[in-house]
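Here the structure comes first, spelled out in structure tokens, and everything after it is commentary.
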Amino acid sequence: MTLSLWHFLAVGAAVFGVGLVGFLTRRNLITMFLCAELMLQGVAINLVAFARYHGNLQGQVFVMFILAVAACEAGVALALFLNLYRKRRSLDSSDWQELRELGVPAATDTEPLPKPVVEPDPVLTPAGARPEPTAEEVARV
Amino acid sequence: MSDPLTLAVIILALPLTAAVLAWLCAGNAKLKHYAHVPLVVACGTAAVLSALLLNKMLGAPDKASYVSEPVTWFAAGKLKATFTITVDALSATMLGMVSFIATFIALFSSGYMHGDKGYPRFFAVMGLFVFSMLGLVLANNFFLLILFWEGVGLCSYLLVGYYFEKPSAAAAARKAFLVTRIGDTGLILGTLMVWHLGGWHTDLTAVFEHIAKNPPDTAALTTACLLLFCGAVGKSAQFPLYVWLPDAMEGPTPVSALIHAATMVTAGVYLLARCSPLFVLCPDAQIAVSWIGGITALLAAFIALAQTDLKRVLAYSTVSQLGFMFLALGTGGAISPAFAVTAAMFHLFTHAFFKALLFLASGSVMHAMGGVIDVRQFGGLRKLLPVTHVTFLCGAAALAGLPLLSGFWSKDLILESLVEAGESKRPYSAGYFLLFVVACTAALMTAFYTTRAYLLTFWGPERIPHEAGHHAHESPKVMTVPLMVLAVGAVFAGAALQPFTHWFGDFLGTAPSLAQADRVPGARAVEHHLNWTMMGVSTALALFGVALAAGVYGNGGAEKAPTGLEPVFAASRSKLLVDELYYAVFVKPAEVLAFLARVFDSVLDGFTRVVSSVPRFVAEAVRPIQNGLVQFYALSMALGLMVFLSFVVFKIAR
């Protein structure tokens, strides 16, 4: 069996489909973002396959661009998620519905999800403070 | 400073400054009560400067007029309006008269309006009023003239509607504005026509020069003149459009004095005097001016016969006297225009004194009577208000035309101009003679109604309306002093200036526009002289009218009428139903039209509302889609894309 264009396209479509379904069904922002990346890569596979099929480099150059842009996008998106998380202590995308039309009630879950256990942010000793000596500590000279 | 043009500009700027200062006073609770000071000082200074200016003009007979350098206001193609003023005998005389009268009216107002809550507003608008009038007088450009002309109209609107809480005052202000607006339309059209005929010039002097050099078609010029006259008819309250002036009594009394004597109604007379180089070229327009004047003089005098409102009698008398001025203006061309204009302007000058006096005196009466001005409700006030009584008598005698008083001399001049025009060999001389008879009748009526108003107010049994309470007393000094000054003017201004020395006529004759008008061929030259026959006739008329009124009203009784004339007096009391006629013919149809327009408008509105409600309802239905859930949007997008792609794949690709 030789690998034809159709095989590549099938893989691309499968990856894209997985990404799409994931994006539509999962509510965790980071998962949704990863799914979006999957969709992107599915498209990239298509482009590479067609580049190979036509015997030119245009599709491949396009993919290079996609990779670069996706990397930047990942940086921005993760920064945004971090900020959102700091605000609500949650990564549930349905927590942010403020942009709906005025007068439309907010959508709520029929079966509420269990509250995730929220750990406090790690903190460091304030810089510049004198450390409190303890009794067990050996005094260093 | 010594340059006449600079002086004129300073005179013009003074009342405007006063208006601004008075307006600024409104913001401060303490300064509020001193809002009259800027206006009185400004008008007084303007009067002194005007005297200086007149003196300068008299001292330099070789240079009759000064025209300022034109500064372009706006220019579009051939239409170019400029800011330019002219100082000549005509405008200098008006400047002096307006500022002098305005000074005393302002002084009187400071007492009359004392304690009113709109005190600063009153003086601010009054300053603006005087400024507009002075600007109108000085303007040497038709468009500048229209600007100030409208300014005068605006200020009269603001002042007549000064008590704007009162619906009748608001209605009177609106009426004054709308009725004069009809005339103003004519003025603007006339101006454009003159601009066309006058070689595309808009400066008055340039237009006159151009028309003198290239006389245009008489019919076109007549139309232009009649259109200009239309503006004068509106502003000076002549026959078809006089109805606003009696209603303008709704304003405070000093405003009436200002409107009637100095600022507003004289504008029309002045316009015609200034444009006499145009009018003398069209005899048809001139006879129309005279006829309108004659009809107005007679009609208004007739209506004034039986009015019971003292101020209304005076208002109709103003309308009538303005008719006299137009009678005289219309004779220019048939007789020497300089003489005709002198007669009209001299009457305007003396009339300003005695009419301002009469209005201020009636204001003083009103002040004492607690706002009542109906002669049926008071009487015999001569002991209670001695100063007002004597000054009113001076004004009334001057208005009635009793010999040797100012009104007598100026009226004589008008009658004489009519007789001379009747004897001229020009067209329409018979018409002028008929108008002389009309003028004599009106003069007789004037003497009658003036005496009637005087007797009903000051003679007969003493009656005081209960509105006056127990503070019915003579007005304070600040009000009586202006009365006395104006009374002196009303008595002596006539005799001092014209009949024996002809100063007034000779001085006015130096105005270039009049000198130019005087060159019209065929006009009958009239020497300024004492016409003893005329004086006899006019004395007889005045005395007869006075005697008749004294016989009927010697003991009060405003409702009385001479026996046998009751129906005539009833007609006069009802103002010949002119207001009612206008209401039925013009106002009512307009109201019906307005109502229909409103109905039509509401139909249109309803239609557009129905149309606009469609998208609103659709939006209402689909709005919940916008629910703010990111995944819902993504799903909609995916499904939409799917539908679209399947359509592309299964329908189009096949």
Side-chain angles (χ1 to χ4, degrees), chain A residues 6 9-10 12-40 42-43 46 73 76-78 80-81 83-85 87-88 90-113, chain B residues 26-27 164-165 167 170 174 591 593-654:
Chain A
W6 288 107
L9 291 188
V15 173
F16 183 84
V18 169
L20 181 63
V21 171
F23 189 83
L24 293 181
T25 51
R26 305 297 299 270
R27 274 157 60 171
N28 187 299
L29 282 172
I30 292 175
T31 318
M32 282 168 74
F33 174 68
L34 291 179
C35 292
E37 287 292 315
L38 270 183
M39 287 197 275
L40 213 56
V43 173
N46 265 12
E73 184 202 310
V76 175
L78 288 173
L80 283 173
F81 295 158
N83 271 306
L84 289 175
Y85 181 78
K87 272 204 161 51
R88 297 269 166 91
S90 156
L91 282 173
D92 188 348
S93 75
S94 57
D95 275 358
W96 288 277
Q97 303 184 18
E98 277 78 12
L99 284 179
R100 67 181 181 277
E101 189 69 29
L102 261 179
V104 175
T108 46
D109 295 315
T110 40
E111 294 168 32
L113 297 175
Chain B
F164 55 83
E165 301 96 337
R174 206 164 51 233
E591 277 176 2
L593 199 66
F595 177 75
L596 290 179
R598 207 170 80 188
V599 168
F600 180 62
D601 193 44
S602 62
V603 168
L604 277 188
D605 271 3
F607 179 68
T608 49
R609 277 201 196 105
V610 166
V611 169
S612 71
S613 70
V614 172
R616 207 172 64 229
F617 280 120
V618 172
E620 203 73 49
V622 298
R623 193 178 294 164
I625 292 179
Q626 189 94 355
N627 60 3
L629 287 172
V630 181
Q631 279 164 318
F632 179 78
Y633 297 160
L635 183 64
S636 320
M637 204 170 92
L639 287 178
L641 202 64
M642 222 141 83
V643 169
F644 178 69
L645 282 180
S646 3
F647 182 74
V648 168
V649 171
F650 296 114
K651 279 276 180 213
I652 296 177
R654 190 155 295 170

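To find a chain, count down the sequence lines: A is the first, B the second, and so on, and within it residues start at 1. In this text, all values refer to a predicted model and were calculated from it rather than measured experimentally.
- Note that OG1 of Thr25(A) is 7.5 Å distant from CD of Gln631(B), once rounded to the nearest 0.5 Å.
- Applying the salt bridge (charged side-chain N to carboxylate O under 4.0 Å, His left out) criterion to Arg100(A), with sequence neighbours excluded, gives no partner residue.
- Atom-to-atom distance recorded for Leu629(B):CG and Asp95(A):CG is 10.5 Å, nearest 0.5 angstrom.
- Counting non-hydrogen atoms of neighbouring residues, nucleotides and ligands closer than 6.0 angstrom, the CG atom of Leu99(A) reaches no more than 12 such neighbours.
- Heavy-atom distances place both the backbone and the side chain of Arg27(A) under 4.5 Å from chain B.
- The nearest pair of heavy atoms linking Val104(A) to Arg623(B) is CG2-O, 4.2 Å.
- By the 6.0 Å contact criterion, CZ on Arg598(B) is open, its count of non-hydrogen atoms from other residues, nucleotides or ligands being 12 or less.
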